[in-house]
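The next block holds one structure in the form of C-alpha cells; read it before the comments.
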Amino acid sequence: MAVSVYFRSWVLSDSVCQFSAFVDSLAITASVWTLGFTALDRWMLVKSPISYKSQMKQKKAVKIVGLIWFISALAAAPPLLGWSGYDFSSYSLSCAMSSSGGFDSVHRYYFLFYVFLTFPAPIILIVISYSY
C-alpha cells in the first residue's frame with residue numbers, strides 16, 4: 001500500500017489487488033459480525049448469569065465463529081466469482097469494490113448485497129443487546 005500511495009497507482013499484479021480487496025472486505029465483515037455476537041454474548045451473560053455456562057459451551061462458540069467467517073466469505077467472495085469486481089481506487093489509494101464504468105446495476109446490486117449482509121443484523125444485535 002505504501003508503494004501505491006507513493007506512485008498513486010497500483011504497481012503490483014491484478015491478482016494481488018483482488019486478494020488485497022477480498023481480505024479487506026472479509027476482515028471488515030468479520031469485525032462487524034464479531035462485535036454483534038460479542039454484544040449478544042454479553043447480554044446473555046448479564047441476563048442469565050447462572051444458566052449462561054450451561055448455554056454457552058466451547059462447541060457453540062466455535063460454531064458462532066464459523067458462522068461469522070462463513071457470512072464474511074459470502075459477502076466478500078462474489079467479486080472473485082464475477083459479480084462486480086475489485087480494482088484499484090485512486091481516491092482511497094487501495095484496491096476495493098469496483099466502481100469503474102460508473103455505478104451500473106451490477107456494481108450497485110453487489111454493493112447493496114454487501115452492505116445489507118454486513119451491517120444491519122450486527123447493528124440490530126448491538127442496539128438490542130445494549131438497550132436492555
Side-chain angles (χ1 to χ4, degrees):
M1 172 122 173
V3 175
S4 297
V5 171
Y6 180 76
F7 289 109
R8 302 194 65 70
S9 66
W10 189 259
V11 295
L12 302 172
S13 71
D14 184 55
S15 35
V16 173
C17 178
Q18 299 290 314
F19 180 74
S20 172
F22 170 75
V23 170
D24 283 350
S25 295
L26 187 75
I28 289 167
T29 306
S31 297
V32 173
W33 276 94
T34 299
L35 289 171
F37 276 112
T38 300
L40 180 64
D41 179 69
R42 298 297 86 194
W43 175 76
M44 288 171 49
L45 177 64
V46 170
K47 180 184 154 265
S48 308
I50 295 171
S51 64
Y52 176 79
K53 281 190 176 190
S54 65
Q55 292 175 355
M56 185 55 73
K57 300 285 186 187
Q58 184 176 359
K59 191 173 184 179
K60 188 173 188 178
V62 168
K63 286 180 183 178
I64 291 171
V65 170
L67 177 64
I68 289 169
W69 284 106
F70 175 76
I71 292 168
S72 301
L74 185 66
L80 299 178
L81 304 172
W83 186 17
S84 188
Y86 292 128
D87 61 9
F88 180 75
S89 167
S90 57
Y91 176 74
S92 65
L93 298 176
S94 65
C95 289
M97 218 177 290
S98 180
S99 61
S100 61
F103 204 53
D104 64 7
S105 63
V106 172
H107 299 301
R108 185 176 333 122
Y109 291 137
Y110 173 66
F111 177 77
L112 291 172
F113 170 79
Y114 178 78
V115 167
F116 282 110
L117 190 60
T118 300
F119 296 106
I123 289 172
I124 290 169
L125 281 174
I126 292 168
V127 168
I128 289 172
S129 296
Y130 288 111
S131 64
Y132 285 101

[X] and [Y]: which non-hydrogen atoms are nearest, and at how many Å?
{"X": "I68", "Y": "S72", "result": "O-OG, 2.8 Å"}
{"X": "Q55", "Y": "K60", "result": "O-CD, 3.3 Å"}
{"X": "W33", "Y": "A121", "result": "CH2-CB, 3.4 Å"}
{"X": "P78", "Y": "A73", "result": "CD-O, 4.5 Å"}
{"X": "Y114", "Y": "S25", "result": "OH-O, 3.3 Å"}
{"X": "A76", "Y": "F22", "result": "O-CD1, 3.5 Å"}

Decide if atom [atom1] of [X] counts as having more than 12 heavy atoms of other residues, nucleotides or ligands within a radius under 6.0 Å.
{"X": "Q58", "atom1": "CD", "result": "no"}
{"X": "Y52", "atom1": "OH", "result": "yes"}
{"X": "F113", "atom1": "CZ", "result": "yes"}

- Would you say Q18's side chain and Y86's backbone share a donor-acceptor pair under 3.5 angstrom? yes
- Could you tell me whether the side chain of S20 and the main chain of V16 form a donor-acceptor pair under 3.5 Å?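 Not a single qualifying donor-acceptor pair exists.
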- Y110 and W83 aromatic ring geometry - parallel, tilted or perpendicular at 30°/60° bounds: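 Ring orientation, 0 to 90° scale: perpendicular.
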- Among L35, T38, L40, D41, the one residue meeting side-chain contact (heavy atoms from CB on, under 4.5 Å) with L125: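 Exactly one candidate clears the test, L40.
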- Query: Are any non-hydrogen side-chain atoms of W69 and L26 less than 4.5 angstrom apart?
  - Reply: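 When only atoms from C-beta onward are counted, L26 and W69 do touch, with a gap below 4.5 Å.
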Determine, using the 4.5 Å side-chain heavy-atom cutoff (strictly less than), whether [X] and [Y] are members of one ILVMFWY cluster.
{"X": "F119", "Y": "I126", "result": "no"}
{"X": "F88", "Y": "V11", "result": "yes"}
{"X": "I64", "Y": "V46", "result": "no"}

- Message: Working to the nearest 0.5 angstrom, can you tell me the gap between F116 CZ and F111 CZ?
- Response: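 One finds 9.5 Å between CZ of F116 and CZ of F111.
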- Can you tell me how far OG1 of T29 sits from CD1 of I71, rounded to the nearest 0.5 angstrom? 9.5 Å
